[in-house]
Amino acid sequence: MENTFRHTCVVTYSAMNTTPESAGSSPGYPILRLLTLLTCLALAVSGWYLLTHWLRDDTNVTWFPAQPGCNLHEAPCSATLGEHGRISLAIDTEGHIEALQRLPLNLHLEDIQVSSAEVDFVGRDMDMGLHRFPLENAAPNLFSGVGQVGICTQAVMPWRARVIIDTPQGKMGSWFDFDVTRS
């Protein structure tokens, strides 16, 4: 009985330790590696997508449209936040806004109390990732900071500057569209 048990254990152990190389070349083994790699890549891309949308969460923001005729390349753009006040965003550059250029951001406030402010640069036609820049309270009714838009392979990249402010009435925001021409 004891010899049979030892013999069974040795046979089972040696069968468990066989690899595809020792058992003969299996044609499905490289395909299995490729499928495993593709699955891992798909999970990584899905995780990145979910993380960026979770960080960009704006479901609790009350949005107000910008005033028509806005051109951030030439002048500040403003938006009236219903009965709560008004905001105005200026990107202080000499000339046009360019990719990878440091962009001084100034947010002027009228008739509204704000505890924090931030600007997100979002690609209008394609996901360009998360470009969020917090603004510091520089003076009464003024928040300032520095931002940057990413580079794109398109000749003209349409961007949206989303301003989000935190007020006693909740989060509010507006958006200002502009295009960046590749130089």
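Both backbone and side-chain heavy atoms feed into the values below; hydrogens, waters and symmetry mates do not. Predicted model only: the values in this text are computed from it and were never measured.
- At a threshold of 4.5 Å between non-hydrogen side-chain atoms, the residues R86 and D111 do not count as touching.
- Side-chain N or O atoms of E74 include none that pairs as donor or acceptor with a backbone N or O of N71 at under 3.5 Å.
- Residues G173 and L81 come closest through the heavy atom pair O-CD2, 4.3 Å.
- R132 CZ to R162 CZ: the interatomic distance, rounded to the nearest 0.5 Å, is 7.0 Å.
- The side chain to side chain donor-acceptor pair (under 3.5 Å) test applied to E110 returns no partner, not counting sequence neighbours.
- When every heavy atom of G170 is checked against every heavy atom of T167, the shortest pair comes out as O-OG1, 2.6 Å.
- Of the inter-residue distances, the one linking L100 atom CG with I151 atom CD1 reads 5.0 Å to the nearest 0.5 angstrom.
- Considering only heavy atoms from C-beta on, I112 comes within 4.5 Å of M172 through its side chain.
- Atoms CG and NE2, from L142 and H108 in turn, are 5.0 Å apart once rounded to the nearest 0.5 Å.
- Distance check: F133 CZ to E118 CD gives 11.0 Å after rounding to the nearest 0.5 Å.
- L41 and I31 sit in two unconnected hydrophobic clusters of ILVMFWY residues. Membership requires side-chain heavy atoms under 4.5 Å apart, directly or through other members.
- Scanning both residues, F64 and S174, for their nearest heavy atoms gives O-OG, 2.7 Å.
- Side-chain contact between P65 and W175: present, with at least one pair of heavy atoms (C-beta onward) separated by less than 4.5 Å.
- With rounding to the nearest 0.5 angstrom, the CG atom of L107 is 7.5 Å from the OG atom of S88.
- Annotation: side chain of F121 is in contact with side chain of L105 (closest heavy-atom distance under 4.5 Å).
- Looking at K171 and D166, no side-chain N of the basic residue comes within less than 4.0 Å of a carboxylate O on the acidic one, giving no salt bridge.
- Side-chain atoms of V180 and V156, non-hydrogen and from C-beta on, never get closer than 4.5 Å to each other.
- Closest heavy-atom contact between V149 and E98: CG2-O, 3.9 Å.
- Not a single donor-acceptor pair under 3.5 Å links the side chain of Q148 to the backbone N or O of R102.
- Between H73 and H96, the ring-plane angle classifies as tilted under the 30° and 60° cut-offs.
- Applying the side chain to side chain donor-acceptor pair (under 3.5 Å) test to Q113 and every residue at least two apart in sequence or in another chain returns nothing.
- When all heavy atoms of L72 and F178 are compared, the pair lying nearest together is CD1-CD2, 3.8 Å.
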- Item | Criterion side-chain contact (heavy atoms from CB on, under 4.5 Å) on L89 and V119, from CA distance to verdict | CA-CA 9 Å; L89 177 67; V119 174; 4.3 Å; yes

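- In this structure, the salt bridge (Lys or Arg N to Asp or Glu O under 4.0 Å) partners of D179, at least two apart in sequence or on a different chain, are R124.
- Here the CD1-CG distance, from I97 to D92, works out to 10.0 Å after rounding to the nearest 0.5 Å.
- In this structure, F143 and L135 approach most closely via the heavy-atom pair CD2-O, 3.7 Å.
- Each of L43 and L38 belongs to its own hydrophobic cluster when Ile, Leu, Val, Met, Phe, Trp and Tyr are linked at side-chain heavy-atom distances under 4.5 angstrom.
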